[in-house]
Amino acid sequence: MKKFLILLVILGVCVYIFKDELNPKGALINKLNKFNEIENIYYQTDISYKFLGQQETTITLKQFKKGNNYNAKFSNPMMRSEANLELKNGNIRYNEYFMTVEGSVNESKADKSFFWLDKITSDDINKDTIKKLETPDNLSALNCKMYSSELKKDKNKIDICINKENIPVYIKYYNIDFIPLLFSTNPITSVTEHKGDVILKLTDIKLNPAYDTSFDVKTSKYGLTMTVKELKDQIAEQQAMFNEINESMDDLKSLMNDLNNLQNTEDIHY
């Protein structure tokens with residue numbers, strides 16, 4: 001009887017140690033659910049991609065999460081300075097240059113904003129495609145467990161490495177569409193619309209942090225507030241002019257790709 005109990009204990013320990021390998025689907029779903037259930041957290045996300053398909057570029061997003069609400073600061077290659085945003089009760093408000101812009105979460109998600117890339121949930125992935133991977137050597141310092149899956153909506157592949165606090169400290173999206181903005185309110189779409197691989201790294205993680213009031217969104221000093229719909233209506237009225245700019249940018253991107261391909265060919269021959 002004593003030997004049988006010892007065997008049961010050993011078996012239980014083995015199941016606990018190897019539970020992620022035995023049931024990777026359940027493990028990833030459970031970890032993502034726990035991540036999204038965290039009530040009070042601060043972290044920084046660096047979102048890296050190739051701007052214009054060539055230049056390695058990073059968007060930096062610093063954010064406080066309280067329940068389902070966020071206060072954040074973000075910067076991207078198209079901005080001259082950091083901008084603050086507030087997400088509260090399904091609405092987003094942020095400062096842009098001389099005005100305050102207001103829109104909804106649904107509008108931002110429909111525009112495929114970068115803001116949602118680090119807020120992945122178990123509902124976003126196809127659970128039947130989940131696999132446990134060996135954590136790459138270059139991520140070993142993160143002490144995270146690596147999984148692969150596919151997004152439910154567009155079937156793009158995704159890799160996720162989650163640490164022991166159930167936080168996805170590394171995420172790689174393969175060949176996805178997104179914009180480096182909160183909303184698609186920049187008429188030069190050749191610059192803002194991106195399709196390709198995107199890598200996210202979550203750092204400076206703090207649980208139950210004290211809030212920094214410098215993240216507050218203040219009303220524009222000029223008192224001007226516009227909705228996302230109003231901005232898009234203005235763009236639509238001037239679309240003919242912006243179409244010419246977009247065509248020129250497309251030509252520039254094509255030229256850059258040709259030059260890059262030529263350089264790669266010369267390197268191979270050399």
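Since we're looking at a predicted model, the values are computed, not measured. Position 1 is the first residue of the sequence, and the numbers go up from there.
Annotation: the span from Arg93 atom CZ to Leu85 atom CG amounts to 10.5 Å, rounded to 0.5 Å. Interatomic distance, Lys155 NZ to Asn126 CG, rounded to the nearest 0.5 Å: 6.0 Å. For the atom pair Asn30 CG and Asn23 CG, the distance stands at 9.5 Å (nearest 0.5 Å). Residue Ile125 holds its CD1 atom at 8.5 Å from NZ of Lys152, rounded to the nearest 0.5 Å. The structure places CD of Gln44 at 6.5 Å from CG of Asp204, a figure rounded to the nearest 0.5 Å. Of the inter-residue distances, the one linking Ile41 atom CD1 with Leu207 atom CG reads 5.0 Å to the nearest 0.5 angstrom.
Nearest heavy-atom pair across Thr58 and Ser48 is OG1-OG, 3.2 Å. Between Thr135 and Met146, the shortest heavy-atom contact is OG1-N, 3.5 Å. Taking both residues in full, the closest heavy atoms of Leu202 and Ile167 are given as CD2-CG2, 4.1 Å, listed atom of the first, atom of the second, then distance. The two residues Glu165 and Asn163 have their closest heavy-atom pair at N-OD1, 3.0 Å. Residue Pro180 comes nearest to Ile59 through the heavy atom pair CB-CD1, 3.5 Å, listed as atom of the first residue, atom of the second, then distance. Of all non-hydrogen atoms in Ser148 and Leu133, the two that sit nearest each other are CB-CD1, 3.6 Å.
Residues Leu182 and Phe215 do not share a hydrophobic cluster, clusters being chains of Ile/Leu/Val/Met/Phe/Trp/Tyr side chains in contact below 4.5 Å. Cluster annotation: Tyr43 is not connected to Tyr211 through the hydrophobic network of ILVMFWY side chains, with a link wherever side-chain heavy atoms come within less than 4.5 Å. Note on Val217: it does not cluster hydrophobically with Ile92, by side-chain heavy-atom contacts below 4.5 Å among ILVMFWY residues.
The 12-atom threshold is exceeded at NZ of Lys127, counting heavy atoms of other residues, nucleotides or ligands nearer than 6.0 Å. Atom NZ of Lys229 has 12 or fewer neighbouring heavy atoms from other residues, nucleotides or ligands inside a 6.0 Å radius. More than 12 heavy atoms of other shown residues, nucleotides or ligands fall within 6.0 angstrom of atom NZ in Lys206.
Because its NZ or CZ atom is not both nearer than 6.0 Å to the ring centre of Tyr170 and within 45° of the ring axis, Lys201 does not count as a cation-pi partner of that residue.
Annotation: salt bridge (Lys or Arg N to Asp or Glu O under 4.0 Å) contacts involving residues 36-63, sequence neighbours excluded, comprise Lys62-Glu82. Contacts classified as salt bridge (Lys or Arg N to Asp or Glu O under 4.0 Å) and involving residues 102-111 (residues at least two apart or in different chains) are given here: Asp111-Lys232. For residues 90-182, the pairs satisfying disulfide bond (SG atoms under 2.5 Å apart) are Cys144-Cys161, with sequence neighbours left out. Pairs engaging residues 115-125 under the side chain to side chain donor-acceptor pair (under 3.5 Å) rule: Asn33-Ser122, Thr45-Asp118, Gln63-Asp118, Gln63-Lys119, Ser108-Trp116, Thr121-Asp124 [sequence neighbours left out].
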| request: Walk me through it: do Thr100 and Lys218 pass the test side chain to side chain contact (heavy atoms under 4.5 Å, CB included)? | output: CA-CA 8 Å; Thr100 301; Lys218 297 178 174 62; over 6 Å; no
**Criterion side chain to side chain contact (heavy atoms under 4.5 Å, CB included) on Phe35 and Ile120, from CA distance to verdict** = CA-CA 9 Å; Phe35 170 61; Ile120 188 164; 5.6 Å; no
Open item on the list: I'd like to know whether Lys145 forms a side chain to side chain contact (heavy atoms under 4.5 Å, CB included) with Ile162, so could you lay out the CA-CA distance, the side-chain angles of the two residues, the decisive distance to 0.1 Å, and finally the verdict.
Closed with: CA-CA 5 Å; Lys145 294 184 178 180; Ile162 302 186; 5.7 Å; no
Stepwise, does the side chain to side chain contact (heavy atoms under 4.5 Å, CB included) test hold for Ile29 with Ile130?
CA-CA 9 Å; Ile29 291 170; Ile130 295 173; 4.1 Å; yes
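Side chain of Ser113 to main chain of Leu181: a donor-acceptor pair is present (N/O by atom type, distance under 3.5 Å, no hydrogens or angles). A donor-acceptor pair under 3.5 Å is formed between the side chain of Asn84 and the backbone N or O of Asp216. A donor-acceptor pair under 3.5 Å is absent between the side-chain atoms of Asn166 and the main chain of Lys34, judged by distance alone. In this structure a side-chain-to-backbone donor-acceptor pair under 3.5 Å is missing from Lys112 to Ser184. When atom types are taken as modelled, the side chain of Thr129 and the backbone of Glu150 share a donor-acceptor pair closer than 3.5 angstrom. Using modelled atom types, one side-chain atom of Asp197 and one backbone atom of Asn175 make a donor-acceptor pair closer than 3.5 Å. Under a 3.5 Å cut-off, the side chain of Asn69 and the backbone N or O of Asn89 do form a donor-acceptor pair. For Lys65 (side chain) and Ile38 (main-chain N/O), a donor-acceptor pair under 3.5 Å exists by modelled atom type.
Residues Asn156 and Asp177 are not in side-chain contact: their nearest non-hydrogen atoms beyond the backbone lie 4.5 Å or more apart. Here the side chains of Leu117 and Ile176 are in contact, with some heavy-atom distance below 4.5 Å.
Residues that satisfy the ring-ring contact (aromatic ring centres under 6.0 Å, His included) test with Phe115, not counting sequence neighbours, are Tyr70. Not counting sequence neighbours, the partners of Tyr42 by the ring-ring contact (aromatic ring centres under 6.0 Å, His included) test are Phe64.
Residues Tyr174 and Asp159 have side chains that bring a donor and an acceptor to within less than 3.5 angstrom of each other. A donor-acceptor contact under 3.5 angstrom links the side chains of Ser214 and Lys73, judged on distance only.
For Tyr49 and Phe114, the ring centers sit 6.0 Å or farther from each other.
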